[in-house]
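Attaching a single structure in structure tokens format; questions to follow.
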Amino acid sequence: MDKIYIGIYGGVNSGKSSLINRLSGQNTAIVSPERGTTTDPVKKLMELDGIGPAVLIDTAGVDDDTSLASSRVAKTLQTLDIIDMAVLVVNAGATGEADKKLISVFKKRNIPFLIVNNKSDRSDFKKIEGLAETVVEFSAQNAPDVKPVLQALKKLKPHTEKQILLDDKISSGDIVVLVCPIDSAAPAGRLILPQVKAVRNILDNKAVSVVLQPGELAAFLKLPIKVKLVVTDSQAFKEVSAIVPPEIPLTSFSILFARLKGNLPMYLKGTEALADLKDGDKVLILESCNHSAITCEDIGRVKLPALISKKSGRKLEFKIVPGLEPLPDDLSSYALAVQCGGCMVTKNQLKQRVAALAEAGVPVSNYGVMIACCTGILPRVTEIFKED
């Protein structure tokens, strides 16, 4: 299940950190009367009653006037790209221009939000009218419980449609082979999240998953067993494609996640830009998780640039954007962007990023789609989805 990202915004000393601590039931955020106590956004992962797994993001005051104000506010505004819901904390009804600008951004981006009018126990407390559909009067210091805020968040929670991984492609009793290479790029002692989610999804559909490495695939396929589908890590596309008979459907974990969280038709269309690349063109490689690229087998930073350069026959400039770091300001100067499967982020976060690229006119592809194109097997590994 995707986590809900909830951004907590407001002016300096409005009570954002205190509210975070009340919601989490822990001293997650530092609380101090000193201005500018919260600098970089602070994230807290927890289970919220009635909402489910959530990431609470404590942010710096949007009206910060300290010496580091501009960089702090910039970091705060960057979180708008990754949140699903927003809470604006107001100090005893005193709304300033910074608060109103945030409300305008929430509405422009269609971000569900509510206002927590904090410090309701103060004698100068004022009610708020007309700024939001939902306003909760609250005291983060003295209210007996935080239920009113949780109830408001529950009502505000965006509707999440069922996400389909393999549900419409397999049935009870089907055998699905998952090819998971264990090389220097694989995490020690565990599978990566797409592989784990695929196993769980197969179990949920009462099908059977067989997990093996490329070296064991040929021998397994010789057994008198009917295989419904083979799913491989994109890095092993070429080797696996040569082994799997054409009558057995083949795809990759990355393509599955491109369909699950992204826009597969858009990625397929974006891949066509590969043929139009010119010497000196700039290509964005978009990761969605943070990891240390210390091996020569890193897919996004080593293998993918090499494949794209070889396939296009051009001398290209590559820029890596790790995690959910902001996209470059000069997006329009890029000829192509290649997004990873997005297993570590929400569908909304991926949607926000891809929308920014589309608005700038940058063709967008996906790791698995691009690798399949560069290895000449794209039609085969997307055949199973042609009727989507």
*asked:* Is the shortest side-chain heavy-atom distance between Leu336 and Met370 below 4.5 Å?
replied: yes
*asked:* If you count heavy atoms of other groups shown closer than 6.0 angstrom to CZ of Arg200, is the number above 12?
replied: no
*Does any donor atom in the side chain of Lys282 or Ser333 lie under 3.5 Å from an acceptor atom in the other side chain?*
yes
*What do the steps show when you test Arg301 against Glu287 for side-chain contact (heavy atoms from CB on, under 4.5 Å), and what is the final call?*
CA-CA 9 Å; Arg301 306 185 184 203; Glu287 300 174 339; 2.8 Å; yes
*asked:* Quick check: do Leu378 and Val369 have side-chain heavy atoms less than 4.5 Å from each other?
replied: yes
_Test item: Asn205 side-chain N/O and Ala207 main-chain N/O as donor-acceptor pair under 3.5 Å_ = no
_Any Arg380 side-chain heavy atom under 4.5 Å of Ser241 side chain_ = yes
*How close do Ile83 and Ile6 get, heavy atom to heavy atom, and via which atoms?*
CG2-C, 4.5 Å
*Over all heavy atoms of both residues, which pair between Leu178 and Ser209 is shortest? Give the atoms and the distance, please.*
CD1-CB, 4.3 Å
*How long is the gap from CD on Glu383 to CZ on Phe385, to the nearest 0.5 Å?*
11.0 Å
*May I have the step-by-step check of side-chain contact (heavy atoms from CB on, under 4.5 Å) for Val321 and Arg353, ending in yes or no?*
CA-CA 11 Å; Val321 179; Arg353 174 181 269 186; 3.9 Å; yes
*Rounded to the nearest 0.5 Å, what separation is found between the OG1 atom of Thr232 and the CG atom of Leu217?*
8.0 Å
*Check ion pair Asp81-Arg109 (N to O, under 4.0 angstrom)*: yes
*Do the side chains of Lys386 and Pro379 get nearer than 4.5 Å, heavy atoms only?*
no
*Might you work through the salt bridge (charged side-chain N to carboxylate O under 4.0 Å, His left out) test for Asp330 and Lys319, ending with a clear yes or no?*
CA-CA 12 Å; Asp330 58 338; Lys319 178 175 177 60; over 6 Å; no
*Looking only at heavy atoms, which two atoms of Asp84 and Pro112 are closest? And how far apart?*
O-CD, 3.3 Å
*Do the side chains of Tyr267 and Val338 get nearer than 4.5 Å, heavy atoms only?*
no
*Identify the residue among Asp145, Val136, Leu23 that makes a side-chain contact (heavy atoms from CB on, under 4.5 Å) with Leu150.*
Leu23
*Is there a salt bridge (charged side-chain N to carboxylate O under 4.0 Å, His left out) between Lys154 and Asp49 once you walk through the steps?*
CA-CA 8 Å; Lys154 183 178 178 180; Asp49 184 33; over 6 Å; no
*With the side chain counted from C-beta on, respond yes when Leu284 and Leu331 share a heavy-atom pair under 4.5 Å apart, and no when they do not.*
yes
*asked:* Quick check: closest heavy atoms across Ala335 and Leu277, and the distance to 0.1 Å?
replied: CB-CD2, 3.7 Å
_Out of the candidates Thr134, Ile103, Val87, Leu102, only one should pair with Phe113 under the side-chain contact (heavy atoms from CB on, under 4.5 Å) rule; please name it._
Ile103
*Should the heavy atoms of other residues, nucleotides or ligands under 6.0 Å from CD of Glu359 be counted, would the total exceed 12?*
no
*Taking C-beta and beyond as the side chain, do Val116 and Val149 meet within less than 4.5 Å on heavy atoms?*
yes
_Point-to-point distance, once rounded to the nearest 0.5 Å, from CD of Glu216 to CD1 of Ile243_ = 10.0 Å
*Roughly how far, to the nearest 0.5 Å, is CG of Leu156 from CG of Leu114?*
5.5 Å
*Are Ile202 and Val211 in one and the same hydrophobic cluster, where Ile, Leu, Val, Met, Phe, Trp and Tyr link if side-chain heavy atoms are under 4.5 Å apart?*
yes
_Pair Tyr9, Thr79: side-chain N/O donor-acceptor within cut-off below 3.5 Å_ = yes
_Given Lys43, which partner from the list Asp58, Ile82, Leu56 fulfils the side-chain contact (heavy atoms from CB on, under 4.5 Å) test?_
Ile82
*Taking all non-hydrogen atoms of both residues, which atom of Gln141 and which atom of Ser18 are closest, and how far apart?*
NE2-OG, 3.3 Å
*Does CG belonging to Asp329 count more than 12 external heavy atoms closer than 6.0 Å?*
no
*Take Lys269 and Glu272 through the salt bridge (charged side-chain N to carboxylate O under 4.0 Å, His left out) test and state the conclusion after the steps.*
CA-CA 6 Å; Lys269 180 67 176 177; Glu272 296 174 4; 3.2 Å; yes
*Test log, rule side-chain contact (heavy atoms from CB on, under 4.5 Å), inputs Val179 and Asp233*: CA-CA 6 Å; Val179 184; Asp233 187 286; over 6 Å; no
_Gap separating the NZ atom of Lys238 from the CD1 atom of Ile371, nearest 0.5 angstrom_ = 13.0 Å
*Are side-chain heavy atoms of Phe253 and Cys180 found at a separation under 4.5 Å?*
yes
*Nearest atoms (heavy-atom pairs only) where Ile308 meets Leu274*: CG2-CD1, 3.7 Å
*asked:* Tell me whether Leu307 shares a hydrophobic cluster with Tyr367, the cluster being built from Ile, Leu, Val, Met, Phe, Trp, Tyr side chains joined at under 4.5 Å.
replied: yes
*asked:* I'd like to know if the side chain of Arg259 and the backbone of Leu165 have a donor-acceptor N/O pair within less than 3.5 Å.
replied: yes
*Given side-chain contact (heavy atoms from CB on, under 4.5 Å), test Ile248 with Leu221 step by step and report yes or no.*
CA-CA 10 Å; Ile248 299 178; Leu221 292 179; 4.3 Å; yes
*Interatomic distance, Phe106 atom CZ to Met85 atom CE [nearest 0.5 angstrom]*: 11.5 Å
